[in-house]
Amino acid sequence: MRIQIGKRAKKLLLCICFALCSFVFLAALDFNRLLAGYAENDIELKELDVKLRRALLAEQKTVGENTVNLSLSTGTMTFTADGKNTSVSVSPEIKLTLPSLNNTEIKAEVPSSLQTADGSVSKSQLSQAGVSLSTDIVSSAKSVRNLANEKARRTTELARRALENRFLQVEKNFWTQLRALYTEAAAAAKLQDILLSSKKELASVQTQGYEKGSSKYRGAELKVKTDEHELEKKRRELASALADFALNCGLSASDIRELPLVPDEAVHKPLLSVMDFDKERYVKTEQAEWNSEYAEKARSAKKNFSLRGCAGYSYTDTAASTNGVNTLSAGLISSWKGVSAAAGVSVPVETPEKPKFNLSFGWDMNKHKSADFTRKDGVYAAELDGFSVQAAKKEADRQIRLFAVKADDLEWQRKKNAEELNLGKRLYEDTQKWYKDGIVSADDVLRAKTAYESILYKTNGTELDCLIYNIDLTLLFVNGGDSR
């Protein structure tokens, strides 16, 4: 039998229809556009892009400095004028440094002077002009240079990872904010259901014949007003959250008025399995192991013994020789734990039977003690590095267990949501049909619709949780564990 609708019922139906029209519906939006706008508005993403470019520049600078260097200098130039007599002296120098070739250094200098009297040259002289060559025979220079290059490359790699991870973090923030919108919408749906119950209770009080001035009627009416206020408050909060989401996506605050529908490609996206990731690629483990290996290389690079050789040629004008003096020289410089020694020989080309020998020794007590302290400290540092690696691996095992449990929970929630969504949808469809047949009231239709929307919000929220789970898991491993 069809239900007859009186004036009061018609008025109530109009209110219900208005509530149906004003309730938040899901809107299909271009999520690629929204996400692109979200990334464009992320300041940290832009900062990390600049930091990566700076790291690349610093790496190029470090590698360049450790390859070859050429320096030119005029030295100190002196000009003296005394009446008709003038003198000029200059000490030009050119130096070529080849760090990659055993820290080899080639230097040429030509200190010279010129004197004039009455406008004509009276005297010119070269003083210790020559060429010298020095190179490491045994030293830490090559290892230190390689470590500097490795550290520069590592800095660039970390900057690149930070930028790549920030893209994922921005995507996570996007889905997280959308997840919060669904939480707000679910809360609004719950308040809508509470309001319907309050109105039903008020209608029951009226049916029972209570007067408007009675405490029973006034209490039920106050409950309706309170619930209406709470629902309106929640709707305003949701509208504000939607406006904030729109602004974060690079849109105007009024561009998104309805709750965005999670795109089909995101729904039921397979969960990544933590077992598909290489545990050794866990971010903290990889960093701890790199730190340990680098520190060990740095300790090994610090050799206690060093030996450097040098050779040279010089030419000097002298008053005793009109052709000047040509001299060849060679020497060795060594050090070991604060003990230093140097030996050299210089041989005049014109009188090779008169060589000159140089010999020197030195000892620094603090450097000698420091060498032993450094060795012992290295042992402790290596032990601490080992603990850091162990702690990182332990943390990796814990995270793997947690994410395995979380994945199982999400899959379970997905299954339950699918069952509830199917039941809720069927109930809503049947209730609409029953309403057309006059079996149920419009109020029952609205309650079924509210219940269905609540389940739909929860289902979409779970799907967003799955997307966030995949991102969180990916961020745990270097380069996504090479899984994606």
Side-chain angles (χ1 to χ4, degrees), residues 54-71 95-107 132-159 280 284-311 330-344 358-393 478:
R54 288 189 67 189
L56 286 167
L57 191 63
E59 181 183 350
Q60 294 173 4
K61 178 175 178 289
T62 300
V63 172
E65 289 176 344
N66 289 325
T67 304
V68 62
N69 184 49
L70 178 66
S71 63
K95 183 167 63 175
L96 177 66
T97 305
L98 303 168
S100 59
L101 189 61
N102 294 329
N103 214 24
T104 298
E105 181 180 283
I106 303 172
K107 182 169 67 173
S132 64
L133 173 107
S134 61
T135 186
D136 288 339
I137 300 173
V138 179
S139 76
S140 303
K142 183 178 180 180
S143 298
V144 170
R145 183 178 65 256
N146 291 339
L147 284 170
N149 291 341
E150 184 178 349
K151 184 66 176 291
R153 288 192 296 270
R154 179 68 178 184
T155 300
T156 301
E157 175 61 22
L158 291 179
E280 297 302 317
K284 293 182 179 180
T285 301
E286 191 271 347
Q287 182 63 50
E289 289 180 340
W290 187 90
N291 289 342
S292 178
E293 292 174 4
Y294 183 83
E296 183 59 34
K297 291 178 183 178
R299 287 189 290 268
S300 300
K302 294 180 181 179
K303 293 182 173 62
N304 289 321
F305 178 74
S306 67
L307 179 64
R308 186 172 179 82
C310 58
L332 292 172
I333 302 172
S334 66
S335 65
W336 178 78
K337 290 187 177 182
V339 178
S340 60
N358 299 310
L359 192 65
S360 67
F361 296 95
W363 179 68
D364 189 308
M365 181 179 66
N366 286 336
K367 287 184 178 180
H368 184 75
K369 291 180 178 179
S370 179
D372 290 332
F373 291 150
T374 301
R375 179 184 60 79
K376 293 177 181 178
D377 182 67
V379 174
Y380 296 138
E383 191 173 0
L384 290 174
D385 289 339
F387 292 148
S388 296
V389 172
Q390 291 177 24
K393 289 183 175 181
V478 176

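- The residues Glu296 and Arg299 are annotated as salt-bridged, a charged nitrogen and a carboxylate oxygen being separated by less than 4.0 angstrom.
- Here the NZ atom belonging to Lys302 is positioned 9.5 Å from the OG atom belonging to Ser140, to the nearest 0.5 angstrom.
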Which pairs would a plain distance check flag for residues 365-376, meaning a side-chain donor or acceptor within less than 3.5 Å of a matching protein atom at least two apart in sequence or in another chain?
unit_1	atom_1	unit_2	atom_2	d
His368	ND1	Lys337	O	3.0
Thr374	OG1	Ser370	O	2.8

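- Judged purely by atom type and a 3.5 angstrom limit, Ser306 has no side-chain atom pairing as donor or acceptor with the backbone of Val138.
- The backbone N or O of Ala55 sits less than 3.5 Å from a side-chain atom of Thr156, completing a donor-acceptor pair.
- Side-chain contact between Thr104 and Leu96: absent, with no pair of heavy atoms (C-beta onward) separated by less than 4.5 Å.
- Side chain of Arg145 to backbone of Pro99: a donor-acceptor contact under 3.5 angstrom is found.
- Listed by chain and residue number, nothing satisfies the salt bridge (charged side-chain N to carboxylate O under 4.0 Å, His left out) test with Lys284 (two or more places apart in sequence, or in another chain).
- Checked by atom type and distance alone, the side chain of Tyr294 pairs as donor or acceptor with a backbone atom of Leu147 at under 3.5 Å.
- Looking at Glu293 and Lys297, no side-chain N of the basic residue comes within less than 4.0 Å of a carboxylate O on the acidic one, giving no salt bridge.
- One distance of note links OG of Ser340 with CZ of Phe361; it measures 9.5 Å at 0.5 Å rounding.
- Between the side chain of Ser292 and the main chain of Ala288, no donor-acceptor pair closer than 3.5 Å is present.
- Under the 4.0 Å criterion applied to side-chain N and carboxylate O atoms, Lys393 and Glu286 are not assigned as salt-bridge partners.
- Remark: the backbone N or O of Asp136 is not paired with any side-chain donor or acceptor of Ser139 at under 3.5 angstrom.
- Donor-acceptor pairing under 3.5 Å is recorded for the side chains of Gln287 and Asn291.
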